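If you're wondering where the values come from, they're calculated on a predicted model, not measured in any experiment.
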Amino acid sequence: MSLKDKIKSFLFASMARETADTEAHTEEAYIPEEAPEAPVTGVVDETVLELPSDHPIHRLYNRRRQEHDGYLPAPRLCLDEDGVLPAELVEKEKKRLKTVLTSVCKARLKEVSKIKRKSDGKAAGDGSDSKQLEEDLPSLDALPYFFLSADKLYAWLIVFPPVGPGEELSREMLYMAMIDKEISYGVDKQMVDGVNRNEGRYFNLFLIARGKPAFDGKNGNIVDNFPRVIERVLEVDEFGQVDYTALNLIRNVKQGQEICHLIRPTEGEPGRTVLDQEIPAKSGKSVPLPAGRNTEVSEDGNSLLASISGHVEYSGRSFHVKPVMDIPGNVDFSTGNVNFFGDVNVHGDVLSGFTLQAMGNIHVDGVVEAGSTVESGGDLVVVKGILGDGTTVVRSHRCIFSKYIENSTICVRENLQTDCIMNSRVYCDGEIQVRSGRGCIMGGRIWAAKKITATAVGSAAERKTVVVMGGLPCTSFERESAHNELKELELELEKLESQLDSPVKSSLLGKLRIKMSGTEMRMRQLEDDLIDIKRELEEQGGGRLEYGIAYPGTEICFGEESLRLRQISRQCVAKMVCGEILLM
C-alpha cells in the first residue's frame, strides 16, 4: 500500500469513529472517559455551580482535550469570585445558569454532530488527497456566550472552544459578540481584553459587566418629642408599697414648643442594566404632620408646635394639646364644682358635696372625701385614696389609680389598681389589681370583666364579699343608674301631679316628662346592648380570679353560677371550666 493510501485510510477511519461516537452520545446517556473532578475539600463553595458528570459540558470539554492533546483546566463555573454579590442572587442565578448551560451545550453538540456527518459524507464521496480534504472540512469557531441575570444587572461570559480548524477566541471576537448582545454598560474592559490570553478562557465563567442597581428613596418620618403611648403602670418597691405620686400622666408643653418634627422623604436614584437600559426608582412617600387640636405647623412646614400651653396627648391619629387647669388647693367653696374640658391638677382634696368633672385626666394629690362626685374622661389618680360614705361616686373612662377605696361606688372602663378595697361597689371592664400594700378586698361587691388579682379576699370575721367575673360591668352600672334615676323621676312626678294646677306646674311637668323619656330610651338601649353581647360573653369564658388567701364568706360568681367558700382557701385561681367554677 502506498503512503498516500495509508494516510487516507487512517484519516477516514478516525473520522468515522468520531462520528459514530458523537451519534451514540446524542441518542443515549453519555459517560465521559475522563470527566474532570472538582477538588475535594471540607468546605462547599456556594458560589460555584456543580454539574453532574453526564452533563453535555463535560463532553465538549473531553472533545477539546482530545483534539489538543495536553493540559486543559477543568470547567469552573463560579458566579462570584470576589464575594461581593448577594447570596440570594447567587443561589437564584445558579438554578437559571444550570438550565441555560444544558440547553446551550446540547445545541453545541448537535452542531458538532452535524459537521461530522457532513465531513464523513464528503470524505466517502470524494477521492481528493488528505491535504485538500482538511482544507474543505467544515469547522466551528469559538463561541462566546453571555449569561445575564434576571434583573439584567450582571453579565457573565463563558466561552466554548472551536471545533476542528475553527478560529480561536480573540479580543475582536469578544467585542463583536458583546455588540451583538448589546452589552455596553459597566463592562470590565481589562477583563475582556485579557480573556483571550487567559489559560482557562474555555469552560470558565467570567463576570464581565455589572450594572447599577436602582435605589428607592426613603419615606418621610415623624420624630416625636413626646411619647404617643403613656405607660400607666405603677411599680411596687421592696416593701410592697406603691408611690402614686410617681404616676405622671400629664405631659406639660409650653406654647410654641415643638411636639414633633418631620424628616422629608428622599428622591430615588435610578439604575442602569448592563444593556444600558434605565431602571426606574421610586421616590419616598411623604408623611403628614399629625396636627390636632391646639397645634400648628411651623413656617418651614417641618415642625408641629403647641398653640397653647397644656397637656400633650396622642389620640391615635394626631397630637392634641389639652388645656390644664391647676387648682393649688382644695375643690371647695373657693372653686365650686369644677367642670373642665381639659386636664385637672388638684393639689389638695375634693371635699364632701362637691363635683369634679374633666374631659381629660384628673390628678388629685389628696383624698376624695365622702359625698363627692368625680368623673374623668381620661385617667384618674388619687394619691391618698377615696374615702366615701356610701354616696361617693367615682367614674373614669380609662384607668383609676388610688391608694385605697372605701365605702364608694367606682366605675372604670379600663383597669383599676389600688392597695385596698373596703365595703365598695366596683365595676371594671378590664382588670383589677390589689397586690400592693395590704392587697385586700374586704366587703362589698367587686365586678371585673377580665381578671382580679388580690393578696386577700374577704376577712377572718367572714364579712360577706362578692366577687363577680365576666360580663360588661360598666354597662350594667349605667343601666342600674338609669333605673334608679327613673324611679326618682317617677316619685318627683307624683309629687308634682298632686300640687295645684299652675303655669309653673305645667312647665315643670313638661320638662320632667322629657327627662323621663330620655332616661327610658337610654335604659332600653343599654338593655339591648347587654342582650346583643350575651352570647359572645358566654363564649369568652368570663375571666379569672387569682388570690393568695380567701376567707369563708367570700362568694365567687361567674354569670349565673356562684360558689360560696366554707373554709379558708390559699394560693388559688378561680375560673369557669365546662360550666363549673373550679379552684385550681
Side-chain angles (χ1 to χ4, degrees), residues 325 327 330-341 344 346 349-360 362 364 367-377 380 386-397 400 405-413 423-429 444-445 447 466 468 471-534:
M325 182 178 185
I327 300 176
N330 300 328
V331 176
D332 53 17
F333 288 102
S334 64
T335 62
N337 293 331
V338 176
N339 190 349
F340 191 62
F341 285 94
V344 176
V346 180
D349 305 327
V350 180
L351 298 188
S352 177
F354 288 92
T355 299
L356 171 60
Q357 294 177 312
M359 293 290 291
I362 295 178
V364 180
V367 299
V368 174
E369 293 186 356
S372 58
T373 300
V374 178
E375 183 173 1
S376 170
L380 170 63
I386 301 171
L387 179 60
D389 61 353
T391 62
T392 303
V393 178
V394 176
R395 304 172 69 177
S396 173
H397 289 266
I400 292 180
I405 298 172
E406 185 175 347
N407 296 320
S408 302
T409 299
I410 309 294
C411 179
V412 53
R413 290 287 181 179
N423 301 324
S424 298
R425 297 180 65 85
V426 178
Y427 302 82
C428 177
D429 280 349
R445 189 171 187 267
W447 188 358
V466 180
V468 185
L472 279 183
C474 289
T475 305
S476 298
F477 171 73
E478 297 288 349
R479 186 184 62 175
E480 291 176 12
S481 299
H483 181 69
N484 293 334
E485 184 181 349
L486 186 60
K487 283 186 175 180
E488 292 178 0
L489 292 175
E490 289 175 350
L491 291 174
E492 190 175 348
L493 180 62
E494 290 180 3
K495 292 180 181 179
L496 275 176
E497 288 179 344
S498 63
Q499 296 178 4
L500 297 175
D501 293 337
S502 66
V504 175
K505 176 184 175 181
S506 300
S507 176
L508 292 176
L509 283 174
K511 293 179 181 180
L512 191 58
R513 288 192 177 101
I514 293 174
K515 194 173 181 180
M516 289 179 62
S517 177
T519 304
E520 289 174 350
M521 289 178 61
R522 181 159 59 93
M523 191 170 64
R524 284 197 296 268
Q525 182 62 48
L526 291 169
E527 290 175 349
D528 292 340
D529 292 342
L530 288 172
I531 293 173
D532 291 340
I533 64 173
K534 183 178 181 180

Is there a side-chain contact between Val364 and Val350, using heavy atoms and a 4.5 Å cut-off? yes
Heavy atoms only: give me the nearest Gly371-Thr391 pair and the separation to one decimal. CA-OG1, 3.5 Å
Taking all non-hydrogen atoms of both residues, which atom of Ile327 and which atom of Asn330 are closest, and how far apart? CG2-O, 3.9 Å
Quick test of your reading of the model: are Arg425 and Glu406 salt-bridged, counting only N-O distances below 4.0 Å? no
Is it true that a side-chain atom of Ser476 and a backbone atom of Leu472 form a donor plus acceptor pair closer than 3.5 Å? yes
Arg445 to Val468 - nearest heavy-atom pair and separation: NH2-CG2, 3.8 Å
Does Leu489 offer a backbone N or O that forms a donor-acceptor pair with the side chain of Lys515 under 3.5 Å? no
Would you say that Thr409 contacts Tyr427 through its side chain, given a criterion of any heavy-atom pair below 4.5 Å between the two side chains? yes
For the pair Ser352 (side chain) and Ala370 (backbone), establish whether a donor and an acceptor sit closer than 3.5 Å, ignoring hydrogens and angles. yes
Is there a donor-acceptor contact under 3.5 Å from the side chain of Ser408 to the main chain of Ile405? no
Check whether more than 12 heavy atoms from other residues, nucleotides or ligands sit under 6.0 Å from atom CE of Met523, and answer yes or no. yes
Could you please spell out the steps behind the side-chain contact (heavy atoms from CB on, under 4.5 Å) verdict for Leu493 and Met516? CA-CA 9 Å; Leu493 180 62; Met516 289 179 62; 3.8 Å; yes
Sub-3.5 Å donor-acceptor pair from the side chain of Ser481 to the main-chain atoms of Phe477, do we have one? yes
If you measure from CZ on Arg395 to CG on Leu380, what distance do you get to the nearest 0.5 Å? 13.0 Å
Return the CG to CG distance between Leu496 and Leu512, rounded to the nearest 0.5 Å. 6.0 Å
salt_bridge(Glu485, Arg522) N-O dist < 4.0 Å: yes
At what distance, to the nearest 0.5 angstrom, does SG of Cys474 lie from CZ of Arg413? 4.5 Å
Heavy-atom nearest pair, Lys505 first then Gln499, reads NZ-O, 2.7 Å
Closer than 3.5 angstrom, by distance alone: can the side chain of Asp349 be matched with the main-chain N or O of Leu351 as a donor-acceptor pair? no
Within-4.5 Å side-chain heavy-atom neighbours: Ile362 and Val374: yes
Nearest 0.5 Å please: distance from the SG atom of Cys411 over to the NE2 atom of His397. 7.5 Å
Take atom NZ of Lys487 as the centre, draw a 6.0 Å sphere, and report whether it contains more than 12 heavy atoms from other residues, nucleotides or ligands. no
Check: Gly353 main-chain N/O paired with Ser372 side-chain donor or acceptor under 3.5 Å: no
How long is the span from the CG atom in Leu356 to the CG atom in Asn339, to the nearest 0.5 Å? 9.0 Å
Starting from the C-alpha separation in whole Å, work towards a yes-or-no answer on side-chain contact (heavy atoms from CB on, under 4.5 Å) for Val394 and Ile386. CA-CA 9 Å; Val394 176; Ile386 301 171; 4.1 Å; yes
Rounded to the nearest 0.5 Å, what's the gap from CD on Glu497 to CD on Glu492? Could you check? 11.5 Å
Is there a side-chain contact (heavy atoms from CB on, under 4.5 Å) between Glu494 and Ser498? Walk through the geometry before answering. CA-CA 6 Å; Glu494 290 180 3; Ser498 63; over 6 Å; no
Among residues at least two apart in sequence or on other chains, which ones pass ring pair (Phe, Tyr, Trp, His ring centres under 6.0 Å) with Phe340? none
